[in-house]
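On a predicted model such as this, the values are computed, not experimentally measured, just so you know. Numbers restart at 1 for each chain; the letters A, B, ... are given by sequence-line order, proteins then strands.
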Protein chains: 2
Amino acid sequence: MGATKTDHFSEEQNRLANRMKALGHPARIAIMEYLIQVDTCICGDIVNVLPLAQPTVSQHLKELKNAGLIKGSIEGTAICYCVDKDAIAELQRYLANANLQLENKEKQCC
Amino acid sequence: MGATKTDHFSEEQNRLANRMKALGHPARIAIMEYLIQVDTCICGDIVNVLPLAQPTVSQHLKELKNAGLIKGSIEGTAICYCVDKDAIAELQRYLANANLQLENKEKQCC
DNA sequence: CTTATTTATCGTAATATTGCAATATAGTAT
DNA sequence: ATACTATATTGCAATATTACGATAAATAAG
């Protein structure tokens with residue numbers, strides 16, 4: 001084995017897991033934080049900001065894009081990447097809801 | 001290679017990535033959702049709820065525990081697992097803050 | 001003590017991820 | 001066309017993850 005059994009879970013569970021997984025690497029967290037921090041999204045210097053080689057960064061960007069967390073568009077010679085606000089908002093809502101359900105629990109044992 | 005270069009990133013980035021990674025699998029999302037949904041946390045039937053073999057579920061529970069997302073305590077013959085509210089709250093706050101920063105952006109290109 | 005019952009661990013095969021050197025691609029400028 | 005710059009893709013080695021059968025450990029019931 002070694003392959004995730006995606007077919008046994010709901011589409012939402014798989015989509016969520018995919019996005020969480022995309023954020024499940026410190027380099028990709030760092031990329032997201034950088035993209036959020038920089039006010040504009042003309043970001044031709046991500047490679048210089050990270051302690052990783054250019055192909056590695058490119059691959060991480062690709063994974064973030066595949067997970068729908070960032071968007072990219074060609075901007076002349078450079079490429080413009082930015083965070084997909086909706087995706088982050090969706091994740092945030094999901095966790096906020098989980099939080100709410102936990103707050104409303106009566107029995108608390110552990 | 002194949003090993004994550006954790007030492008190049010901040011402790012917070014690594015901790016966050018670890019928790020996100022733990023949520024980065026549909027089975028573990030399903031486990032969390034079940035633990036949240038069930039009002040009490042005496043949960044001896046997680047295996048029956050999931051479409052996976054018992055050792056696999058046990059392993060997923062272990063990963064969630066290692067990431068600090070759930071807590072477990074022995075309850076006679078069964079084991080009592082429940083969600084760590086603080087961990088979820090921390091993730092939620094992180095994303096809420098990211099969201100806020102994105103809302104306040106002036107330039108929006110992509 | 002023996003037998004269930006429940007959860008954990010070990011061992012292992014299949015697959016995925018991480019990281020980077022080398023190379024390719026695409027646009028800009030001279 | 002040539003050189004330059006920025007990003008992507010390929011190929012590959014090292015390591016990690018996923019899944020499960022077999023087995024162990026621990027407690028409960030008879």
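Closest approach to the B:Ser58 side chain among D:dC20, C:dA8, D:dT9 is made by C:dA8 (side chain taken as heavy atoms from C-beta onward).
With rounding to whole Å, B:Asn48 atom CG is found 12 Å from C:dT5 atom C1'. Separating the CD atom of B:Glu63 from the C1' atom of C:dA8 is a distance of 14 Å, rounded to the nearest angstrom. Atom C1' of nucleotide C:dG19 and atom CZ of A:Arg28 are separated by 12 Å, given to the nearest angstrom. Rounded to an integer number of Å, the gap from B:His60 NE2 to D:dA16 P is 18 Å. Look at CG on B:Leu50: it is 12 Å from P on C:dT7, rounded to the nearest Å. Whole-Å rounding puts the A:Leu52 CG to D:dT7 C1' distance at 16 Å. Spacing between atom CD of A:Gln59 and atom P of D:dG11 amounts to 14 Å, rounded to whole angstrom units. Following rounding to the nearest Å, A:Lys62 (NZ) and C:dT17 (C1') show an atom-to-atom distance of 13 Å.
Note on A:Lys21: only backbone sugar-phosphate atoms sit closer than 4.0 angstrom, heavy atoms only; bases stay farther off. Using a 4.0 Å heavy-atom distance criterion, A:Thr4 is classed as a sugar-phosphate-only contact.
In this structure, B:Ile70 CD1 and B:Ile36 CD1 are separated by 11.0 Å, a value rounded to the nearest 0.5 Å.
Ring geometry for B:His25 against B:His60 counts as tilted: the plane angle lies between 30° and 60°, on a 0 to 90° scale.
Toward the 5' end of DNA chain C, the nearer of the two residues A:His25 and A:Ala3, judged by each one's closest nucleotide, is A:Ala3. Residue order along DNA chain D, read from the 5' end via each residue's closest nucleotide, puts A:Gln54 first among B:Gly24 and A:Gln54. Nearer to the 5' terminus of DNA chain C, by closest-nucleotide assignment, is the contact made by B:Thr6 (compared with the other of B:Thr6 and A:Pro55).
For A:Thr56 and C:dC20, the shortest distance from a side-chain N or O to OP1 or OP2 is below 4.0 Å. Between A:Tyr81 and D:dA8 there is a side-chain polar atom (N or O) within less than 4.0 angstrom of OP1 or OP2.
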Going through the checks in order, is the side chain to side chain contact (heavy atoms under 4.5 Å, CB included) test met by A:Gln13 and A:Thr6? CA-CA 9 Å; A:Gln13 286 172 332; A:Thr6 54; over 6 Å; no

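Ion pair B:Lys21/B:Glu63 not flagged as a salt bridge, since none of the NZ, NE, NH1 or NH2 atoms sits closer than 4.0 Å to an Asp/Glu carboxylate oxygen.
Counting only N and O atoms by type, the side chains of A:Asn99 and A:Tyr94 include no donor and acceptor under 3.5 Å apart.
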